[in-house]
Each structure stands twice: as structure tokens, then as C-alpha cells.
Protein chains: 2
Amino acid sequence: MDKPRDVTDSELAVLDVLWNQPQATIREITEAIYEDYSPSSHATVQKLLERLEAKDCVARDRSGFAHRFRATIERSDLLDRQLEAVADKLCEGSLTPLLLHLASRTKLSDEERKLLRKLINDRT
Amino acid sequence: MDKPRDVTDSELAVLDVLWNQPQATIREITEAIYEDYSPSSHATVQKLLERLEAKDCVARDRSGFAHRFRATIERSDLLDRQLEAVADKLCEGSLTPLLLHLASRTKLSDEERKLLRKLINDRT
DNA sequence: GACATCTCAGACAGAATGTCTGACACTGCC
DNA sequence: GGCAGTGTCAGACATTCTGTCTGAGATGTC
């Protein structure tokens, strides 16, 4: 029952590229993140992808010469994970206190308030 | 603008004791956390408190021989910090997406739903 | 004064993170 | 076939964070 490691800021940058551009190669990702492409930044991205793969956030297609990567989680999945981690840490795993806490201190526009009411009513 | 470090699980255990028992000494905290009191566990708690102090989570009263500690943040403040950290990381700092996200996937009892509606309506 | 208890400074190992180097494999072109 | 360009992979490396522990010295009690 080992706690899944958090996704790092650098790793998130890689995921961001992958969300915009699925099936990217390491070179493409590197060029998107670092302004100057170099063998070492290429290797850095390689290592980040390797770790993201270990965290089940990325899948690798080995069929071509240069491997192609895609994200296996969406941004909202990651949000879920993070919120669950907070809930585990501070609310015995329950998300409800988070929701109530946020509802009591977040300023909402009329628009958002309306949407939120709808969301609540739709849940059975 | 360095990002404030997260509170560790061990540090949280210390805060938990402090929330139950304000004005505690290191010895009291140590005895509450570790089953066997020892000089080394005492020193460990000392170090955790030192780090919590650096993170502005704990204040120290040096007037007596043995210092007394109290938490300077509540559990809900910590919850706030964590949620803000998630928002910074994934939602450009806005808490609203978190709220909407949670509202759309958290199961609520009728009781909770009622409370949540009230919370929303009370926000101006 | 003897002894327990405290604080404080710092050492220490293990893990996570970001970076980089070197060895080797594949591709395509001459 | 040979070679340059590009890939992968394994691993070294410094830094930081975390939890733990030791030793020196100050303060309290009897």
C-alpha cells in the first residue's frame, strides 16, 4: 500500500506538452520545453518520461525508431489524484470536507454559482 | 517567491498532537507520538518542531526551562494551503475549478447536499 | 555537587529530483 | 560497406528533503 509519488513540476511540464500534442517523440517534447535543444536536455526529458511511465501517467509506443509517447491520464485525473491525496492526509480520505471547505470560502460569480447548483442537483 | 514547502506526514503527526494539546512540551509530544520515549525520539520531535517553526506552523514559548509549543495554524488553514497548492499547480491558482470538479464527482447525502446549497447561497 | 532534563548544532543515511555523460543500436545516404 | 545523425539505455552526479541520532553544554532539582 505504498503511497503513489506526486507528479513533479518538471514532469507536469512534460505532461502539458503531451496533452497538447499526443504521440510526441522525446525530441518534440524537448523542443517544446527547452528553448535550446541539446543532447543533455533530451536525456533529461527521457528520464522524466521514464519516471512518468513508472507512475502510470504515460505510455510508450516502441514500434518506430524513435519512441512515441502519450499521456494515459487527463488533467482532470491528475486533479483527482491530488485532491484525493489532500483528503487522505487531512480528512481521513473523504472528499466531502474538501468540497464543503471550498464552498465556504471560494468567491463565485453568479454564473458559477448557477452551474454549481446544477451540479449538486444532478448528483443522485 | 519560493514555494512554501509542504508539511510532512511526520510533521502533521506533531501538529495533530498540538491541536489536541496546546502548550505542549517536546517530551509530551514525543510521548504522544512514539510508544517508547527515548533521547533520540525526543531529538527527532525537536527537529520536526524546528522545521515546523520555519514553516510558520508552530510558535515557541521560551520562557520556561522546557519550551512550550503551540500550533499557529488550524487544520482548516492547512487544508487551505494544500488546496491552494493544487490550484496553483493545475488550475492557474484558481480554486473555482477545484470546487466544480469536486461537486461533479463527490457523492453527497441529502444532509450534505442541503448544507452545501446553504453555503453557496450565503456567499455574496 | 550529582544527576536528570533540556536545548542546540550538526552528522548521517536514504530517497527524490534534475542534469548530464558514455556506450551502443538503428537509419539513411554516399 | 562506411559514416553521420539520431535514438535508447544505464548509470553517475550534485542537490535537496526527510527522519533519525549523537554529543556538547546549559539549566533545573535534590
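All chains are named by letter (A, B, ...) in the order of the sequence lines, taking the proteins before the strands, and each is independently numbered beginning at 1. What's counted below: heavy atoms across the whole structure, side chains too, no hydrogens, waters or symmetry copies.
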Any residue meeting side chain to side chain donor-acceptor pair (under 3.5 Å) with Glu53(A), in chain and number order, not counting sequence neighbours = Arg60(A)
Does Arg68(A) put a side-chain nitrogen or oxygen below 4.0 Å from OP1 or OP2 of dT8(D)?
-> no
Sequence-distant partners of Asp61(A), side chain to side chain donor-acceptor pair (under 3.5 Å), two or more places apart = Ser63(A)
Considering just the side-chain nitrogens and oxygens of Tyr37(B), establish if one lies under 4.0 Å of OP1 or OP2 belonging to dC6(C).
-> yes
Would one find a side-chain N or O of Gln46(B) under 4.0 angstrom from OP1 or OP2 of dC8(C)?
-> yes
Is the shortest side-chain N/O distance from Arg60(B) to OP1 or OP2 of dC8(C) below 4.0 Å?
-> yes
Please collect all salt bridge (Lys or Arg N to Asp or Glu O under 4.0 Å) contacts where either partner lies in residues 15-35 of chain A, sequence neighbours excluded, each pair once.
-> Asp16(A)-Arg75(A), Arg27(A)-Glu31(A), Glu28(A)-Arg68(A)
Which atoms of nucleotides 28-30 of chain D (N or O only) lie under 3.5 Å from a protein N or O atom, and what are those distances?
none

Atom CZ of Phe69(B) and atom P of dC6(C) are separated, to the nearest Å, by 11 Å
For Ser40(B), the side chain to side chain donor-acceptor pair (under 3.5 Å) test, sequence neighbours excluded, returns Ser38(B)
Pairs under 3.5 Å (N/O, protein and nucleotides 20-24 of chain C):
unit_1, atom_1, unit_2, atom_2, d
dC20(C), OP2, Ser40(A), OG, 3.3

Do any side-chain atoms of residues 83-91 of chain B form donor-acceptor pairs under 3.5 angstrom with protein atoms, and if so which ones, sequence neighbours left out?
unit_1, atom_1, unit_2, atom_2, d
Lys89(B), NZ, Asp6(A), OD2, 3.0
Lys89(B), NZ, Val7(A), O, 2.5

Between the protein and nucleotides 12-16 of chain C, which nitrogen or oxygen pairs come in under 3.5 angstrom?
none

Go through the structure and list residues passing salt bridge (Lys or Arg N to Asp or Glu O under 4.0 Å) with Lys47(A), not counting sequence neighbours.
-> Glu50(A)
Can you tell me the distance, in whole Å, between the CZ atom of Arg62(B) and the P atom of dA26(D)?
-> 16 Å
Taking side chain to side chain donor-acceptor pair (under 3.5 Å) as the test, write out the residues that go with Gln46(B), two or more places apart.
-> none
Report all side-chain donor-acceptor pairs from residues 17-24 of chain B shorter than 3.5 Å, counting only partners two or more places apart or in another chain.
unit_1, atom_1, unit_2, atom_2, d
Trp19(B), NE1, Ile73(B), O, 2.8

Provide, to the nearest angstrom, the distance between the CD atom belonging to Glu50(A) and the C1' atom belonging to dA10(D).
-> 9 Å
Could you give the CG-to-P distance, from Asp9(A) to dT16(D), as a whole number of Å?
-> 16 Å
Decide side-chain contact (heavy atoms from CB on, under 4.5 Å) for Ser76(B) and His101(A); before the verdict, give the C-alpha distance in whole Å, the side-chain angles of both, and the deciding distance to 0.1 Å.
-> CA-CA 8 Å; Ser76(B) 65; His101(A) 183 87; 3.8 Å; yes
Do Asn121(B) and Arg113(A) have side-chain atoms, one donor and one acceptor, less than 3.5 Å apart?
-> no
Would you tell me if any nitrogen or oxygen in the side chain of His42(B) comes within less than 4.0 Å of OP1 or OP2 on dT7(C)?
-> yes
What residues 11-32 of chain A contributes to the DNA chain D interface at heavy-atom separation below 4.0 Å is Ile26(A), Arg27(A)
